[in-house]
2 protein chains.
Amino acid sequence: MKRITMKDVALKAGVSTAAVSYVLNGKEGKVSETTLLKIQQAMAELNYIPDYSARSLASNRSNLIGVVIPQTEDQAQLLLENPFYSDLVCGIESQLRLKNYHLILSGVDKDKGYLDVSMQRNLDGAIIMGIYQEGFYEELKKVDIPIVLVDSYIEDAYFTTLGIDDEHGGKMATEHLLESGHTNIALVTGAIRKGGVIEKRYAGYRQALREANIFYNPDNVFEGSVSYEYGVEAGRLIAQDHPHITAVCATSDMVAIGVINGLNEFGKRVPDDISIIGFDDISYAKTFIPHLTTIGQHISSRGVMAAQLLIEAIEGKRESKQSNIVLPIELIKRDSVKVIP
Amino acid sequence: MKRITMKDVALKAGVSTAAVSYVLNGKEGKVSETTLLKIQQAMAELNYIPDYSARSLASNRSNLIGVVIPQTEDQAQLLLENPFYSDLVCGIESQLRLKNYHLILSGVDKDKGYLDVSMQRNLDGAIIMGIYQEGFYEELKKVDIPIVLVDSYIEDAYFTTLGIDDEHGGKMATEHLLESGHTNIALVTGAIRKGGVIEKRYAGYRQALREANIFYNPDNVFEGSVSYEYGVEAGRLIAQDHPHITAVCATSDMVAIGVINGLNEFGKRVPDDISIIGFDDISYAKTFIPHLTTIGQHISSRGVMAAQLLIEAIEGKRESKQSNIVLPIELIKRDSVKVIP
DNA sequence: TTGTAGGCGTTATCAA
DNA sequence: TTGATAACGCCTACAA
């Protein structure tokens, strides 16, 4: 299919390519009503489709947004299998499409940065999920495009961050267990890394215990990775060696589901034998049996919001590029927590 | 950050931009050993990053692959929340990144085609999942780039298709239920549309019954949408009005999980009261309780394969552009089917 | 209000 | 083996 260019349109409409470019870029007022119509008609008849490569080259705007997702530990694949990220991507994509941007989805190879991609593609902006090494962010800043960090506690005024109050969430979850009569509460969690959401949720857990005057027992903390598999492992351990534990606070729903499976292997039932609360409210949470009690964040609308923030920054609608947005969370009571008298 | 161009590299190395372009494109033999070294060194020192927009403009190759995913029925969001698609995307992305391609992820607006995106971005190829209206494909052909169709029975020699034997899968699933002693087997399915995978699975279901000399009862077929929600609905109906049904064959794991939830609402347990088999083996299937018996296709490796096929076609390594690949499937026995004597 | 022309960073065609 | 130089399709001063 031969490419129709601005020249063709200009020719057909009997105007210059500059005029075509003007209407293409919505520079109203630069052209008269009549030429506008002529051009629009010519575009429609020729079925003109602009070439974004050329546009990007000439204008330094690509209408391309980079979206970076964490990878599995073996660095082989995206963590999209964690519905948390796919939900987020759904939200982002819908918003970007609405605003006429396209989305380049990728992971980042270990020891490789994101500078390459952003320069190669002339990205207009990027949404980064998860946390990376220090150097990653420094490099990112050099590119000088708006960036939204999702779930990162990086303290750097350069970035816009979009998160939730993870510490409060961890506290809410633990308190719900406490209020339900549990006092021997385990925490099953991914690696507690500095600057990550897990660290905060862990802090919330400890604070809730403290405020309830409950002794913090390090043996009750199971720290591994944010994955189903680790959850299973922890569940097994709890079932076998920790008969005193009556409730588990998991720092992610996937982990919670793993724990339930691990417990199940040893005949422990949720919530009858052990109660559990998750975190995130991924779409599985309400389809799993028992329906998971969890801390809900509106994942998909977070994606929408991330995209909106980014676009605003790109199009210069926000005064200050930088801001730190904290979205509300809520306790969602379902069936995985039992009240004990 | 000021952009380093080929010119800068050429200047530093004391050669022409043409020479730089040669080494960039691995045209070995076009340059002498010494200039090669000089250029490579200059690139490294300057930290040169090529501009793909310019390259795309000049060469008509973008190293960009379009990936299209079906949308939710309200056309608002991607169906990425269905882990089937996110698993696929994982596979695709990993392979593309390996081969130095980038991935543009998007849905397609109703009554809009994909011609726009592919022309705008000069896509080198595309992977399309799911089925669309007739016109969609005709339009796609005009763009004249390699295209891999995943899960589509479109009969058109133009496209490479990558699928599984859905009919056989439907049959295997039903037979497993039959062999487990069930004779009154419901089918819960999404819309049975022509050219789609569901139609084939449905055919497999019927054939298995026929071969077992079991009367096909249309009342046992629950046709809705491929979604958790519809599964719940069907599960409720079965629990309430169809006491004779002892097993359910679902045409997708998400539907199966919905059915289980619907049954559960009325106190029917799986597999004790009713057996169920799913389809796809999404990652969720083995984490769900009861672990889902299902028809397994290696989803993520399918993604890898789709990407490989596409790249081969793009880089002209395959003689015939077109082919129809059918991947193997297998019955995965887990805990959701009970043998009745 | 309209048109001309140079430039964006690469590739590719020809000569040298 | 190298190096000018003309595309590629679009944007944008600047001039008319």
Side-chain angles (χ1 to χ4, degrees), chain A residues 1-40 42-43 46-64 100 116 118-124, chain B residues 1-40 42-43 46-64 100 116 118-124:
Chain A
M1 191 174 181
K2 207 197 135 286
R3 171 144 228 135
I4 306 290
T5 73
M6 273 189 9
K7 223 187 233 166
D8 301 318
V9 177
L11 215 63
K12 176 139 196 157
V15 298
S16 76
T17 59
V20 179
S21 176
Y22 290 145
V23 337
L24 206 64
N25 294 289
K27 299 255 201 280
E28 317 295 350
K30 291 283 286 184
V31 293
S32 69
E33 189 73 11
T34 49
T35 44
L36 176 65
L37 284 173
K38 273 193 297 187
I39 293 172
Q40 285 177 330
M43 280 182 175
L46 262 40
N47 199 3
Y48 169 67
I49 299 172
D51 182 327
Y52 277 58
S53 304
R55 173 184 290 200
S56 159
L57 186 58
S59 70
N60 262 319
R61 296 205 58 245
S62 62
N63 278 52
L64 230 34
N100 197 33
D116 283 33
S118 33
M119 293 289 284
Q120 284 167 350
R121 298 294 180 189
N122 259 302
L123 297 186
D124 286 347
Chain B
M1 188 174 185
K2 204 199 134 287
R3 170 144 231 136
I4 306 290
T5 72
M6 274 189 10
K7 225 187 232 166
D8 301 317
V9 177
L11 214 65
K12 177 139 197 156
V15 297
S16 77
T17 59
V20 180
S21 176
Y22 289 144
V23 338
L24 207 65
N25 294 290
K27 299 254 204 280
E28 318 295 348
K30 292 283 286 182
V31 293
S32 68
E33 189 74 12
T34 50
T35 44
L36 175 66
L37 283 172
K38 274 193 296 186
I39 292 172
Q40 285 176 332
M43 279 184 177
L46 260 37
N47 198 4
Y48 168 67
I49 299 173
D51 182 325
Y52 278 58
S53 304
R55 172 183 290 200
S56 157
L57 185 57
S59 70
N60 264 320
R61 296 205 58 245
S62 62
N63 279 53
L64 231 33
N100 197 33
D116 283 33
S118 33
M119 293 290 283
Q120 285 167 351
R121 297 295 179 189
N122 258 303
L123 298 185
D124 285 346

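Here is how names work: the chains are called A, B, and so on, in the same order as the sequence lines, proteins then strands, and each is numbered from 1. Hydrogens, waters and symmetry mates play no part in the numbers below; they use all other heavy atoms, side chains included.
- Spacing between atom CG of B/Asn122 and atom C1' of C/dG9 amounts to 15 Å, rounded to whole angstrom units.
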Reading 5' to 3' through nucleotides 5-15 of chain D, protein heavy-atom contacts under 4.0 Å coded B for base, S for sugar-phosphate only, - for none: ---BBBSBB--
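- Residues A/Arg3 and B/Met119 are in side-chain contact: their nearest non-hydrogen atoms beyond the backbone lie under 4.5 Å apart.
- Contacts of B/Thr35 with the nucleic acid, taken as non-hydrogen atoms under 4.0 Å apart, involve only primed sugar atoms and P, OP1 or OP2.
- For the pair A/Asn63/A/Asn100, a side-chain contact is recorded, criterion being any heavy-atom separation below 4.5 Å from C-beta on.
- To the nearest angstrom, C1' of C/dT10 lies 15 Å from CE of A/Met119.
- Put simply, the residue from B/Leu37, B/Leu36, B/Val15 that forms a side chain to side chain contact (heavy atoms under 4.5 Å, CB included) with B/Val31 is B/Leu36.
- Under the side chain to side chain contact (heavy atoms under 4.5 Å, CB included) rule, B/Tyr48 has a single partner from B/Leu24, B/Asp8, B/Ile39, which is B/Leu24.
- A/Ser62 contributes a side-chain N or O that, together with a main-chain N or O of A/Asn122, makes up a donor-acceptor pair within less than 3.5 Å.
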